[in-house]
Amino acid sequence: MIRLGLCCIFREQPIKFRRKTAKSMLGLPRSEQLGVLASLCRLNAGALQQALRYCQAHGIGDFRINSQILPLYTHPQLGYRLEELPGGEEIIAAFARCGTFCRDHGLRTSFHPDQFILLSSPSEEVTQRSIAELNYQAELAELVAADVINIHGGGAYGDKEQALARLTRRLQRLRPQVRARLCLENDDRIYTPRDLLPLCLAEGVPFVYDVHHHRCLPDGMEVAEVTESARRTWDREPLFHLSSPRDGWNGKNPCFHHDFIDPADFPAVWLEPGLDLSVEVEAKAKELAVNRLRKDLADRVVLFPDGE
DNA sequence: AGCGGTCAAGTTGAT
DNA sequence: ATCAACTTGACCGCT
């Protein structure tokens, strides 16, 4: 069964996640800050509920949750705890209901912390901030029943081997709630599947195979070969990423994402009968792209069912 | 109401 | 030495 995933936002559905810039908040007294943050968090919990309902109804079995769903949660000056927000208990309950909804309907959710979260950095300060951020994401992941927190290898710092050795060491410092969800994904600049798979297999870190990144930054491995190795890193349903190039494979920069997925870019080996797989669709037309791909695949493979 | 410039965080590579 | 690109909008503050 193939479970397609939607990433973070909607193109047409009126489902919006809200946030604020730190700059606009820093001048306010703490009580006003907390008031504004509380209303954003409450709104975003409601938007997440709507997003999950949409996915359930449309046979989208996976939803990636944006890290900013709790805006500025770990900001050095503006950071907060949900419990200290006005109406915090109700906000927590609203997120917990999202988790219950996912369990009831077999939906999967994931987090993808952005480029500032680095376990390979030589800087202890960067590492500590990153671990703090991962702790936050794991806390929220527990609340909404998400099983994936997916990051990249980070920088090379002039020596990939050493950087990956640092990353490996730092796995020991992660809380079980983080470690149980942490995954590593190949990127399109530095870390290829060939770089990451040995670490993932040795350390039991699930490998999120982004086939688009791999096609943009090839490493001599075949798609089928990476797919097979990636599967072995997962003790549950593997999660992969897929995109199509904006200007075609012969265009100027194939890394740019297209609005939609060209079904020809969907690897044939991912359609093998009996293979359960989550495929997050990184396409700018968002739910429209997932819905179209779902139609395109319908007669070739068993899909996560839509709620009738 | 509409517009353009800006947005917490790190790293790389183009200029 | 500086700055855009990462994913890519959404938000802010000005008119």
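Proteins get letters first, then strands, A, B, ... in listed order; numbering begins at 1 in each. Note that the coordinates shown come from a computational prediction; the quantities given were computed from them, not determined experimentally.
A:Ile151 CD1 to A:Asp187 CG: the interatomic distance, rounded to the nearest 0.5 Å, is 11.5 Å.
For the side chain to side chain donor-acceptor pair (under 3.5 Å) test with A:Glu139, the passing option among A:Arg175, A:Gln177, A:Arg81 is A:Arg81; the others fail. When the options A:Leu34, A:Val36, A:Leu70 are evaluated for a side chain to side chain contact (heavy atoms under 4.5 Å, CB included) with A:Leu85, the one that passes is A:Leu34.
Across all strands, A:His112 comes closer than 4.0 Å to no nucleic acid atom at all (heavy-atom distances). As judged by a 4.0 angstrom heavy-atom cut-off over every strand, A:Phe10 is placed among residues making no nucleic acid contact. Within the 4.0 angstrom heavy-atom criterion, only backbone atoms of the sugar-phosphate kind lie near A:Ile190; the bases stay farther away. Contacts of A:Ser130 with the nucleic acid, taken as non-hydrogen atoms under 4.0 Å apart, are absent. A:Asp114 comes within contact range of at least one nucleobase, with a heavy-atom separation under 4.0 Å. Residue contacts for A:His152: at a heavy-atom cut-off of 4.0 Å it reaches no nucleic acid atom on any strand shown. A:Arg129 comes within 4.0 angstrom of sugar-phosphate atoms only, judged by non-hydrogen atoms across all strands, and of no base.
Protein atom CD of A:Glu282 is 13 Å distant from nucleotide atom P of C:dC6, rounded to whole Å. Atom pair A:Asn66:CG and C:dT8:C1' shows a separation of 10 Å (rounding to whole Å applied). Rounded to whole angstrom, the span from the CD atom of A:Gln77 across to the P atom of B:dA8 amounts to 10 Å. In this structure, the OH atom of A:Tyr191 is 8 Å from the P atom of B:dT12, given to the nearest Å. Spacing between atom CG of A:Leu43 and atom C1' of C:dC11 amounts to 14 Å, rounded to whole angstrom units. Computed from coordinates, the A:Asp187 CG to C:dT7 P distance equals 9 Å when rounded to whole Å. A straight line from CG of A:Leu40 to C1' of C:dC12 spans 14 Å, rounded to a whole angstrom. One interatomic measurement links the two molecules: CZ of A:Arg246 to C1' of C:dT7, which rounds to 13 Å at whole-angstrom precision.
Of the candidate nucleotides C:dC6, B:dG10, C:dG9, C:dC6 has the atom nearest to the side chain of A:Asn253. Comparing C:dC12, B:dT12, B:dA9 by their closest approach to the side chain of A:Tyr157 singles out B:dT12. The side chain of A:Arg189 sits closest to B:dT11 out of C:dG9, B:dA8, B:dT11. Of the listed nucleotides (C:dG9, B:dA9, C:dG13), C:dG13 has the atom at the smallest distance from the side chain of A:Ser24. Of the listed nucleotides (B:dA9, B:dT12, C:dC12), C:dC12 has the atom at the smallest distance from the side chain of A:Thr21. Comparing B:dA8, B:dG10, C:dT8 against the side chain of A:His75 picks out B:dA8 as the nearest. Proximity note for A:Leu118 (side chain, C-beta onward) versus B:dG10, C:dC6, B:dA8: the nearest is B:dG10.
The gap from the C1' atom of C:dA5 to that of B:dT6 amounts to 16 Å, rounded to the nearest Å. To the nearest whole angstrom, the two P atoms, one in C:dT7 and one in B:dC3, are 29 Å apart. C:dT8 and B:dG5 have their P atoms separated by 22 Å, with the value rounded to a whole Å. Taking atom P in both C:dC12 and B:dA8, one finds a spacing of 10 Å when rounded to whole Å.
Pairing for B:dC3 goes to C:dG13, judged as Watson-Crick or G-U wobble with the two contacts each under 3.5 Å. In this structure, C:dT8 forms no base pair with any nucleotide, since neither Watson-Crick nor G-U wobble geometry is met with both distances under 3.5 Å.
Side-chain N/O atoms of A:Glu185 and A:His241 include a donor and acceptor closer than 3.5 Å.
Residue A:Ser121 places at least one side-chain N or O under 4.0 Å from the OP1 or OP2 atom of B:dT11. A:Lys284 has no side-chain polar atom (N or O) that falls below the 4.0 Å cut-off from OP1 or OP2 of C:dT8. Residue A:Arg18 places at least one side-chain N or O closer than 4.0 Å to OP1 or OP2 of C:dC11. At the phosphate of C:dT7, OP1 or OP2 sits under 4.0 Å from a side-chain N or O atom of A:His213. Dashed line: the shortest gap from a side-chain N or O of A:Lys23 to OP1 or OP2 of B:dC7 is under 4.0 Å.
Annotation: cation-pi pair A:Arg108/A:Phe304 absent, no NZ/CZ under 6.0 Å from the ring centroid and within 45° of its normal.
Within a 6.0 Å radius of CG in A:Asn250, other residues, nucleotides and ligands contribute 12 heavy atoms or fewer.
By the stacking rule of 5.5 Å between ring centres and under 30° between planes, A:Phe116 does not stack on the base of B:dG10.
Of the two residues near DNA chain C, A:Lys286 and A:Met25, the one whose nearest nucleotide lies more 5' is A:Lys286.
The two atoms that bring A:His214 and A:Met221 nearest to each other are CE1-O, 3.3 Å, heavy atoms only.
With hydrogens and angles disregarded, a donor-acceptor distance shorter than 3.5 Å links the side chain of A:Arg170 to the backbone of A:Ser121.
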